[in-house]
Undergrad: 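Okay, handing you the structure first.
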Protein chains: 2
Amino acid sequence: MQFSKSTDYALHALLHLGHSERHGNVGIKELSGTLGVSESYLSKIMSKLRQDGIVRAIPGVNGGYELARPADQISFLEVIQVIEGRQQWFECSNTNSQQHSLLADNGTVQRGRERSDNCQCLVEKVMNGAELHLYQYLREHTIQTTLDEAFNRCNNEVNKK
Amino acid sequence: MQFSKSTDYALHALLHLGHSERHGNVGIKELSGTLGVSESYLSKIMSKLRQDGIVRAIPGVNGGYELARPADQISFLEVIQVIEGRQQWFECSNTNSQQHSLLADNGTVQRGRERSDNCQCLVEKVMNGAELHLYQYLREHTIQTTLDEAFNRCNNEVNKK
DNA sequence: ATTAATATAGATCTGTGATATCCATAATAT
DNA sequence: ATATTATGGATATCACAGATCTATATTAAT
Ligand code: SF4
Ligand code: SF4
């Protein structure tokens, strides 16, 4: 249960793009050098980010990447989902087991009625609840907020001196 | 980024133990049959749960497993951590890269001072924040609360009839 | 005491996915 | 035209989840 390195790289790459937005494009060489990852590998990641409309790619001489939208509209959640996929964190394996009957259909199977929405699986309820809870947090944190915070922190640091 | 099946099994096994607490021990055969998992595999999981003091194991004839503590003191968080391990979900790979300097040491490296606590890495700050946020949620949900909710839901269901 | 039932620990197998590299191709500025 | 840059496919490696089998230790029942 860990975020993949790809996610790590993607976030750092986007932060770098957000930070040097004024300078225009950033080539894979610069990105690769900054992050300390091979160009080949990072290319794959950037490609994914492009396919999902998070960055733009300009091929050819002096090409490179740039953010496809303002940095405050790129949330951590979206980046994570692009790289890690959008599958649910908890997925029920065997809905046919007895256990399922115990937790989800208790009180309804005897009456032979179809499963009620009110009586849904409670394990999934907790886990999906946790997931949604986390999503809310990750949605509120964007590339921009992270960059802003970096500036504020370090400015305070300087002023305190 | 998904919870492992082992976690799934562990949670279900514990819910089963919590539900049939009055009947005493529950053997691996019954658990295995209820969950639809092989005895061998489930044994490993139960063993882990025992090593961390979540269940007790009684070997020998009529042996089996039982909760080592009240069900309201076994949180989802603890079960997940026992099975998945306690490593952080986000772990910085290369603290030596230029990127690190940009985000974490901006404003401090020039002055040649040691890194300030106030100016810590912001990527980790967001990710660890998310982690702690989620932990809080998972700590509040225990085997007991889940069982209770199952009963309440289905009782309401019956009463409404 | 013997036996059957049960949990435990170790070794091992397999498939899958993350990480990573290389190369051929397409697109673009100069 | 040419050099530069991104893209996509193929491939290699490696770790780990998932799973099974076997031998051993422990206990209840006889
Ligand atoms: S109780 Fe829920 S998680 Fe468990 S098998 Fe049924 S649907 Fe799946
Ligand atoms: S900025 Fe943070 S996450 Fe990135 S390399 Fe530095 S310490 Fe690690």
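Below, each value reflects all heavy atoms present in this structure, side chains not excepted, and no hydrogens, waters or symmetry copies.
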Undergrad: Should the side chain of B:K44 and the base of D:dG18 be counted as holding a donor-acceptor pair, with the cut-off at 3.5 Å?
TA: no
Undergrad: Report the residues that fulfil side-chain hydrogen bond (donor to acceptor under 3.5 Å, both in side chains) with A:E30, sequence neighbours left out, ordered by chain and then residue number.
TA: A:H16
Undergrad: Closest to the A:Y41 side chain: C:dT8, C:dT21, D:dT20?
TA: C:dT21
Undergrad: Just jot down the salt bridge (charged side-chain N to carboxylate O under 4.0 Å, His left out) partners of B:R139, sequence neighbours excluded, or say none.
TA: none
Undergrad: Below 4.0 angstrom from OP1 or OP2 of C:dA9, is there any side-chain N or O of B:Q51?
TA: yes
Undergrad: For DNA chain D, determine which residues of residues 74-90 of chain A have any heavy atom closer than 4.0 angstrom to one of its atoms, and list them numerically.
TA: none
Undergrad: May I have all residue pairs that pass side-chain hydrogen bond (donor to acceptor under 3.5 Å, both in side chains) and include part of residues 39-51 of chain B, sequence neighbours excluded?
TA: B:S6-B:Y41
Undergrad: Can you tell me if A:S4 touches the phosphate of C:dT19, counting only side-chain N or O atoms and a distance under 4.0 Å to OP1 or OP2?
TA: yes
Undergrad: Respond yes when some side-chain nitrogen or oxygen of B:R50 is under 4.0 Å from OP1 or OP2 of C:dT6, and no when none is.
TA: no
Undergrad: Just to confirm, is there a sub-4.0 Å distance from OP1 or OP2 of D:dA6 to any side-chain nitrogen or oxygen of A:S47?
TA: no
Undergrad: Holding to side-chain hydrogen bond (donor to acceptor under 3.5 Å, both in side chains), I want the full list of residues that pass it with A:Q2, two or more places apart in sequence or in another chain.
TA: none
Undergrad: With rounding to the nearest 0.5 angstrom, report the CG to CG distance, A:L49 to A:L14.
TA: 5.5 Å
Undergrad: On the nucleotide D:dT5, are OP1 or OP2 found under 4.0 Å from the side-chain N or O atoms that A:K29 carries?
TA: yes
Undergrad: Would one find a side-chain N or O of A:S38 under 4.0 angstrom from OP1 or OP2 of C:dT21?
TA: yes
Undergrad: Shorter than 3.5 Å, N or O on both sides, protein versus nucleotides 24-30 of chain C: list them out with atom names.
TA:
unit_1	atom_1	unit_2	atom_2	d
C:dT28	O2	A:V61	N	3.4

Undergrad: Could you list all the ring-ring contact (aromatic ring centres under 6.0 Å, His included) pairs where at least one residue sits in residues 127-147 of chain B, not counting sequence neighbours?
TA: A:H133-B:H133, A:H133-B:Y137, A:Y137-B:H133, B:Y137-B:H141
Undergrad: Which residues pass the side-chain contact (heavy atoms from CB on, under 4.5 Å) test with B:P59, not counting sequence neighbours?
TA: none
Undergrad: Is the distance from OP1 or OP2 of D:dG18 to the nearest side-chain N or O of B:S6 less than 4.0 Å?
TA: yes
Undergrad: Test of understanding: clusters of I, L, V, M, F, W, Y form through side-chain heavy atoms closer than 4.5 Å, transitively. Do A:L77 and A:I143 belong to the same one?
TA: yes
Undergrad: What pairs of residues pass the salt bridge (charged side-chain N to carboxylate O under 4.0 Å, His left out) test when at least one of them lies in residues 60-70 of chain A, not counting sequence neighbours?
TA: A:R56-A:E66, A:R69-A:E78
